[in-house]
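Counting starts at 1 for both ligands and their atoms, in listed order. Any value given below was found using the heavy atoms of this structure, including those in side chains, with hydrogens, waters and symmetry copies removed.
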Amino acid sequence: MSDASLLNQEDYSANNIQVLEGLEAVRKRPAMYIGDIGVKGLHHLIWEVVDNSIDEALAGHCDRIEVTIHEDNSVSVRDYGRGIPVGMHAKEGKSALEVVMTVLHAGGKFDKDTYKVSGGLHGVGVSCVNALSIEFRAEVHREGKMYEQEYSIGKPLYPVREIGTTDYRGTVIKFKPDGTIFPTLEYKYETVANRLREMSFLNRGIRLTLTDLREIEDDGTPKHNEFFSEGGLVEFVQYIDQTREQLIPLPMYMEGEKDGVPVEVSLTYNTSYSENVLSFVNNINTHEGGTHVSGFRMALTRTLKSYADKTGILAKEKVEVSGDDFREGLTAVISVKVQEPQFEGQTKTKLGNSEVTSAVSGCVQEMLENFLEENPKEARIIVDKVLLAAKARIAARKAREMVQRKNVLTGGGLPGKLADCANSDPEQCEIYLVEGDSAGGSAKQGRDRSFQAILPLRGKILNVEKAQEYRIYENDEIKNILTALGVRIGREGDERALNIEKLRYHKVIIMTDADIDGSHIRTLILTFFFRFMKELIDLGYVYIAQPPFYLVKKGTKSEYCWTEDQRLAAIQRLGGGREDSVSVQRYKGLGEMNPEQLWETTMNPENRTLKQVTIESAAEADLLFSMLMGDEVPPRRDFIEKNAKYAKVDV
Ligand code: 0RA
């Protein structure tokens, strides 16, 4: 590290101007750097800071990271690593700490020895967090001394200063997001907890803690969780499958490196019919899969097929098995580290690097071959399961073809119950999936038919969590939903065959009663979307309508209320706070509203609120659906008691 005086004043100023321009660009177009400025982007700030500490931990310098949400929704991240260097940075003429905190993409440049693999989806570095924070403070403990520097919207308030002595090492970053950038500043405990849990599975041996000073428990201590996994991906797979019956006693596991790509995989089989493969690149969930997932599938199919061929069972049973027969009841987590990842796809969560395919397939093949050789009994159980899947798939195809043939015979048109809209531009159009014929009738009368379509659902929606695939194509309600949406599901070759480009509406709105049955139907529909049309959710096309809970009336004046607070406020406004002077109607079913009321409160884009369904954590969503809809009753009861409603899948 050199001395600042070596730089002349002009160079110093020029540098500073560049820095300010960089941070200004972040503030002008925050979404370009952190994805969006909504709840997701807000949380992204935490991931960005935690990622730096994870890097320090992965480099072997730290095994504990503490995240704290403070009363004012500021967040601090403390690690016990080497501490960010504070010496003068020769080129920039200021402290290295200041450079890291204020120069875009400066983060990793000091430490060429550290293998940087974490780093958020956008990998923009901590300086972006600084630029988007109204208050930001860095504290470094290094070589017995403690240093600090504070900033506001990215600008240092003073040069790095020494503030005392210390007997440990590490870095503390505390930031408070800028309210002029982010419309909402509220951090969600569960969102942070889920990500830290995922991080602990993906990076075994690192202890991650979360403390929420906004929420004090009955015993007087703040809400707190610790996430630590010794077993890493094996425990991740067990966590995902905790409600499912296992076919093999312990998940398989393999860690390796091929062509410079570190690969880690764990997999197991359960008695369910769904496939659940989570994939990560540099700790980022690749929802849309990519080359690593292709490599995984290739090896799985090839290795299991060749084993099954050798045993002679396939020839004996005369069944033609296909790729996805090997994935029924499969739960797996794939984690790879890629130096320069190329992200593609609709949501930029699909890995494009072609070299990764063979790295993953090589590792998976080795893992499977070892397992099959050493565990003949379990190997046989898996092969039997594959055979069963193949037979069920053939039955499913027949059922599907039958339905399609019938559709052709009957003209193949839209379902009779659908009241379609006039507009045919999917971007402008929305469809309401409405519980019950009577509410469906009101919705049909109340809607704006230029862009709103209504599909009443009457019969039972199939629980896809427990049903074999072929039964899905025989279920009338599911058939109606699919034909109305214009999409086809099922599989073609090795890929899911969702033809999303044919989707006829870009808003799919689930509208059910505010009672137990309504929430059950909503969960059934969501489970179906999650398992068969996840892309619809990923693209943000799925919504939940929010009918009001109350109507408070006095004379000719009335107010709709969605919350208890609103109800009390309305009673205050209309009845001077006296409950007996007003009439309060509690809406239990959509049917209790007439068409005008339904339009005004729940369907009119001017007044309504729609809850967008998002999947923050695929693992959590899977767990939720398997618990709510699956077989293992005891955890489900416990879960429902704890979580009252189904929450959490949505924001
Ligand atoms: C580069 C070099 C060194 C430490 C770090 C980066 C570092 C960065 C962060 C970000 C969050 N926590 C961190 N901890 C450390 C130190 C190099 C050395 O001491 O030789």
Side-chain angles (χ1 to χ4, degrees), residues 1-2 33-34 43-68 74-92 94-133 136-151 154 156 160 162-163 165-176 192 195-196 199-200 202-203 205-210 282-284 337 339:
M1 310 261 166
S2 88
Y33 295 84
I34 56 162
H43 286 78
H44 197 104
L45 303 180
I46 305 185
W47 317 151
E48 206 63 55
V49 175
V50 170
D51 280 349
N52 289 311
S53 298
I54 292 274
D55 273 338
E56 186 67 3
L58 290 177
H61 302 294
C62 150
D63 61 4
R64 184 179 176 84
I65 299 168
E66 297 161 357
V67 179
T68 305
S74 63
V75 173
S76 59
V77 178
R78 179 186 291 269
D79 71 45
Y80 297 89
R82 292 165 297 173
I84 299 177
V86 291
M88 274 300 160
H89 185 254
K91 197 166 139 270
E92 307 276 349
K94 52 191 140 197
S95 162
L97 176 63
E98 182 174 330
V99 175
V100 171
M101 295 304 151
T102 59
V103 179
L104 286 186
H105 308 290
K109 289 197 185 134
F110 296 98
D111 196 16
K112 300 211 174 52
D113 306 334
T114 308
Y115 184 58
K116 289 270 180 286
V117 285
S118 91
L121 182 50
H122 307 269
V124 286
V126 69
S127 60
C128 283
V129 180
N130 190 0
L132 301 174
S133 296
F136 189 107
R137 179 171 181 270
E139 180 182 303
V140 169
H141 295 241
R142 227 178 122 84
E143 289 156 9
K145 290 187 176 129
M146 207 158 110
Y147 306 85
E148 71 167 351
Q149 186 169 36
E150 288 170 275
Y151 321 76
V160 174
E162 199 182 309
I163 52 167
T165 58
T166 180
D167 42 23
Y168 73 95
R169 301 176 321 164
T171 306
V172 192
I173 303 290
K174 184 175 183 201
F175 64 93
K176 184 173 182 194
V192 181
R195 175 62 180 160
L196 295 184
M199 279 294 218
S200 73
L202 292 168
N203 306 282
I206 304 180
R207 202 169 291 277
L208 298 160
T209 68
L210 175 60
N282 303 345
N283 289 334
I284 298 157
K337 304 284 161 78
Q339 285 281 4

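With ligand atoms numbered from 1 in the order given, ligand 1 contributes 12 (N), 13 (C), 14 (N) to contacts under 4.0 Å with heavy atoms of Thr171. Short contacts between ligand 1 and Ile84, defined as distances under 4.0 Å to a heavy atom of the residue, involve ligand atoms 7 (C), 8 (C), 9 (C), 10 (C), 13 (C).
By the 4.5 Å heavy-atom criterion applied to side chains, Arg142 and Arg169 are not counted as neighbours. With contacts defined as side-chain heavy-atom distances shorter than 4.5 Å, the pair Leu208/Ser200 qualifies. Contact of the Leu45 side chain with the Ile34 side chain is registered, since non-hydrogen atoms from C-beta on lie closer than 4.5 Å.
The option from Ala138, Gly83, Gly87, Gly170 that lies nearest to atom 4 (C) of ligand 1, judged by heavy atoms, is Gly83.
By the 4.0 Å heavy-atom criterion, Arg142 is counted among the residues contacting ligand 1.
When every heavy atom of Ser127 is checked against every heavy atom of Leu104, the shortest pair comes out as OG-CA, 3.4 Å.
Ring planes of Tyr168 and His141: parallel class, angle under 30° (limits at 30 and 60°).
Of all the heavy atoms of Pro85, the ones lying under 4.0 Å from any atom of ligand 1 belong exclusively to the side chain.
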